[in-house]
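Written out below as structure tokens is the structure these notes cover.
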Amino acid sequence: MVDRTPMKPKTAKTCDIEILFRALGDRTRLRLVNLMDDDEVCVCFLVAALKLTQPKISRHLAYLRRAGIVTARREGKWMHYRLAVPPEPHAAAIFAAVRAGLADDGEMQSDRSRLVRLCCSPALPPPLKRAPKPAGATAV
């Protein structure tokens with residue numbers, strides 16, 4: 001069952017714990033958090049690594065942005081996403097614990113390996129040929 005409850009707006013200085021848990025309560029969003037880790041990642045690499053459609057990935061990224069745990073920047077036609085630590089200490093601790101737990105999950109490890117293979121591949125798929133590669137993906 002999909003939760004269609006609209007998210008409450010949050011101020012820049014606060015992080016609503018309920019919104020944080022909702023954002024982290026979806027497997028696809030957890031997979032996105034895992035792939036971004038400490039890197040800035042172009043949305044096209046997220047789409048290719050998770051083998052999901054671009055609209056689905058963008059919808060989940062928007063949810064994470066509204067929760068205040070992802071930031072975005074545009075560079076030409078490319079959208080880059082990066083994790084943002086919640087400013088509230090309890091929320092930041094929860095977010096750190098979730099991220100640490102993702103490292104032990106087999107599916108998350110497979111996703112990360114797939115992203116590294118994509119980034120390091122000498123023959124990128126056509127949609128990724130000119131896309132900027134995540135800087136830290138090769139270090140995994």
Side-chain angles (χ1 to χ4, degrees):
M1 183 170 106
V2 176
D3 181 10
R4 303 261 187 231
T5 308
M7 293 181 64
K8 299 177 223 166
K10 70 175 205 62
T11 66
K13 294 184 180 181
T14 63
C15 178
D16 186 329
I17 295 294
E18 179 184 352
I19 292 172
L20 178 64
F21 277 111
R22 283 186 187 188
L24 298 174
D26 180 88
R27 189 75 175 171
T28 300
R29 290 191 285 271
L30 289 173
R31 292 174 74 193
L32 289 167
V33 165
N34 174 64
L35 285 180
M36 284 182 270
D37 194 39
D38 290 325
D39 295 331
E40 182 178 76
V41 183
C42 180
V43 70
C44 57
F45 278 99
L46 297 171
V47 168
L50 295 182
K51 299 178 182 177
L52 297 171
T53 65
Q54 185 274 325
K56 181 173 183 170
I57 295 291
S58 292
R59 181 172 34 90
H60 285 290
L61 287 167
Y63 203 107
L64 292 169
R65 285 179 70 187
R66 286 190 304 270
I69 55 176
V70 167
T71 61
R73 108 181 143 78
R74 180 177 292 281
E75 182 180 316
K77 69 177 184 174
W78 309 108
M79 283 299 292
H80 301 270
Y81 292 88
R82 172 180 291 282
L83 295 181
V85 177
E88 202 276 323
H90 288 87
I94 291 166
F95 191 50
V98 167
R99 289 180 62 196
L102 295 176
D104 297 329
D105 183 280
E107 182 183 23
M108 301 299 170
Q109 292 170 351
S110 294
D111 288 346
R112 190 74 181 160
S113 295
R114 192 175 312 109
L115 178 66
V116 169
R117 280 193 311 274
L118 279 167
C119 293
C120 298
S121 172
L124 289 171
L128 301 178
K129 285 211 185 283
R130 289 187 220 141
K133 295 180 181 180
T138 57
V140 175

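Just so you know, these numbers come straight off a predicted model, no measurement behind them. In what follows, every heavy atom counts, from backbone to side chain, and hydrogens, waters and symmetry copies are set aside.
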Acceptor/donor pairs from residues 43-54 side chains to any protein atom, 3.5 angstrom cut, sequence neighbours excluded:
unit_1 : atom_1 : unit_2 : atom_2 : d
Thr53  : OG1    : Lys56  : N      : 3.4
Gln54  : NE2    : Ser58  : OG     : 2.5

Using every non-hydrogen atom in the two residues, find where [X] and [Y] come nearest and quote the distance to one decimal.
X	Y	answer
Cys42	Trp78	SG-CE3, 3.5 Å
Ala72	Met79	CB-CE, 3.7 Å
Pro86	Ala92	O-CB, 3.5 Å

Spell out, as yes or no, whether a donor-acceptor pair under 3.5 Å connects the side chain of [X] to the backbone of [Y].
X	Y	answer
Arg65	Thr71	no
Asn34	Met108	yes
Asp39	Val41	no

Under a 4.5 Å cut-off applied to non-hydrogen side-chain atoms, are [X] and [Y] in contact?
X	Y	answer
Glu40	Arg73	yes
Ile17	Glu88	yes
Phe95	Leu83	yes

Would you sort out whether Leu24 and Ile69 count as a side-chain contact (heavy atoms from CB on, under 4.5 Å), showing the intermediate values? CA-CA 10 Å; Leu24 298 174; Ile69 55 176; 3.9 Å; yes
With salt bridge (charged side-chain N to carboxylate O under 4.0 Å, His left out) as the rule and sequence neighbours excluded, what pairs involving residues 90-102 come up? Asp37-Arg99, Asp38-Arg99
Report yes or no: do Val98 and Phe21 belong to one cluster of Ile/Leu/Val/Met/Phe/Trp/Tyr joined by side chain heavy-atom distances under 4.5 Å? yes
Inter-residue atom distance [X].[atom1] - [Y].[atom2], 0.5 Å rounding:
X	Y	atom1	atom2	value
Leu20	Leu64	CG	CG	10.0 Å
Tyr63	Thr28	OH	OG1	13.0 Å
Glu107	Gln109	CD	CD	11.0 Å

Could you go through the side-chain contact (heavy atoms from CB on, under 4.5 Å) check for Ile19 and Arg66 one step at a time? CA-CA 9 Å; Ile19 292 172; Arg66 286 190 304 270; over 6 Å; no
Step-by-step side-chain contact (heavy atoms from CB on, under 4.5 Å) determination, Leu61 to Met36: CA-CA 11 Å; Leu61 287 167; Met36 284 182 270; 3.8 Å; yes
Could you walk me through whether Arg22 and Asp16 satisfy the salt bridge (charged side-chain N to carboxylate O under 4.0 Å, His left out) test, starting with their C-alpha distance in whole Å, then the side-chain angles of each, then the deciding distance to 0.1 Å, before giving a yes or no? CA-CA 10 Å; Arg22 283 186 187 188; Asp16 186 329; over 6 Å; no
Carboxylate-amine/guanidinium contact Asp105 Arg27, below 4.0 Å: yes
